[in-house]
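Reviewing the structure listed below.
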Amino acid sequence: MDFESKIISREISQLLWEREKTLGTAESCTGGRIAEAIIAIPGASKYFKGGIVSYADEVKENLLGVEANLIAEKTAVCEEVAVEMVKGACKSLNTDYAIAATGIAGPAGGTPEIPVGTIWLACGDKDKVTTHLLKEDFGRDVNLSIATNKALEMFLDFLKSDETPKEDDGEQQGEVKWGAN
């Protein structure tokens with residue numbers, strides 16, 4: 001695992017730890033690399049419940065609840081499947097959040113419609129999921145490394161945007177109360 005992944009994983013760890021929230025993963029093409037990056041940080045057992053490596057469509061269907069007709073209609077490499085993988089992981093693993101990846105890392109397996117290097121990433125919770133599409137082929141190892149790092153970055157951004165301000169008594173130094181004269 002590279003240094004960048006460790007830095008991002010540490011930030012994720014801190015936020016999940018502070019918020020007492022849990023995380024799981026649903027990985028197809030990344031084969032557990034996202035989970036590996038998460039558990040590289042000591043103390044991950046407090047917030048990381050586990051991961052499902054759903055390389056086969058039947059695992060996506062049976063363990064993550066992805067509809068077979070969705071996969072038949074759009075293939076397993078589409079935004080909708082990535083979203084359903086997040087929601088299914090949250091449900092199956094009983095977590096607050098999940099990160100998912102589905103795609104074609106290469107070197108083979110691509111088609112003209114879905115070429116090698118096409119990877120859909122998703123993260124979020126049961127109600128709100130954000131996605132990102134990777135479309136370039138840099139070779140299998142690099143594709144997987146980029147997908148893992150981007151998934152972690154996405155999830156960190158999701159956590160930061162999901163911050164809810166803490167209630168306080170308004171007595172903090174330097175705080176301005178507008179309209180209170």
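Just the heavy atoms: all of them, side chains too, but no hydrogens, waters or symmetry mates, feed the values below. All residue numbers refer to positions in the sequence shown, counting from 1.
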_Under the rule for ring pair (Phe, Tyr, Trp, His ring centres under 6.0 Å), what residues qualify as partners of Phe155, not counting sequence neighbours?_
Tyr97
*Sequence neighbours excluded, every pair satisfying side chain to side chain donor-acceptor pair (under 3.5 Å) that has a member inside residues 37-46*: none
_Where Ile38 and Phe48 come nearest, the two heavy atoms and their spacing_ = CG2-CD1, 3.6 Å
Side-chain donor-acceptor pairs of residues 28-35 under 3.5 Å, sequence neighbours excluded:
unit_1, atom_1, unit_2, atom_2, d
Ser28, OG, Ser54, O, 3.4
Ser28, OG, Lys60, NZ, 3.1
Thr30, OG1, Glu27, OE1, 2.7
Arg33, NH1, Thr30, O, 3.2

Validation: residues 109-116 side-chain donor-acceptor distances under 3.5 Å, sequence neighbours left out:
unit_1, atom_1, unit_2, atom_2, d
Thr111, OG1, Glu113, N, 3.4
Thr111, OG1, Glu113, OE1, 3.4
Thr111, OG1, Ile114, N, 2.9

*With sequence neighbours excluded, what pairs up with Thr95 under the side-chain hydrogen bond (donor to acceptor under 3.5 Å, both in side chains) test?*
none
Donor-acceptor pairs under 3.5 Å, side chain of residues 61-71 to any protein atom, not counting sequence neighbours: which ones?
unit_1, atom_1, unit_2, atom_2, d
Asn62, ND2, Glu58, O, 3.2

_Partners passing side-chain hydrogen bond (donor to acceptor under 3.5 Å, both in side chains) against Arg10 (at least two apart in sequence or in another chain)_ = none
*Report the residues that fulfil side-chain hydrogen bond (donor to acceptor under 3.5 Å, both in side chains) with Asn149, sequence neighbours left out, ordered by chain and then residue number.*
Asp2, Ser5
Return all side-chain donor-acceptor pairs below 3.5 angstrom for residues 131-138, not counting sequence neighbours, or 'none' if the list is empty.
unit_1, atom_1, unit_2, atom_2, d
Thr131, OG1, Glu79, OE2, 2.5
Asp137, OD1, Gly139, N, 2.9
Asp137, OD1, Asn143, ND2, 2.9

*asked:* Could you work out, with side-chain hydrogen bond (donor to acceptor under 3.5 Å, both in side chains) as the rule, every residue matching Glu80, not counting sequence neighbours?
replied: Lys74
*State which residues pass side-chain contact (heavy atoms from CB on, under 4.5 Å) with Leu156; sequence neighbours excluded, sorted by chain then number.*
Ile8, Glu11, Ile12, Leu15, Lys160
_Pairing residues for Glu4 by the salt bridge (charged side-chain N to carboxylate O under 4.0 Å, His left out) criterion, not counting sequence neighbours_ = none
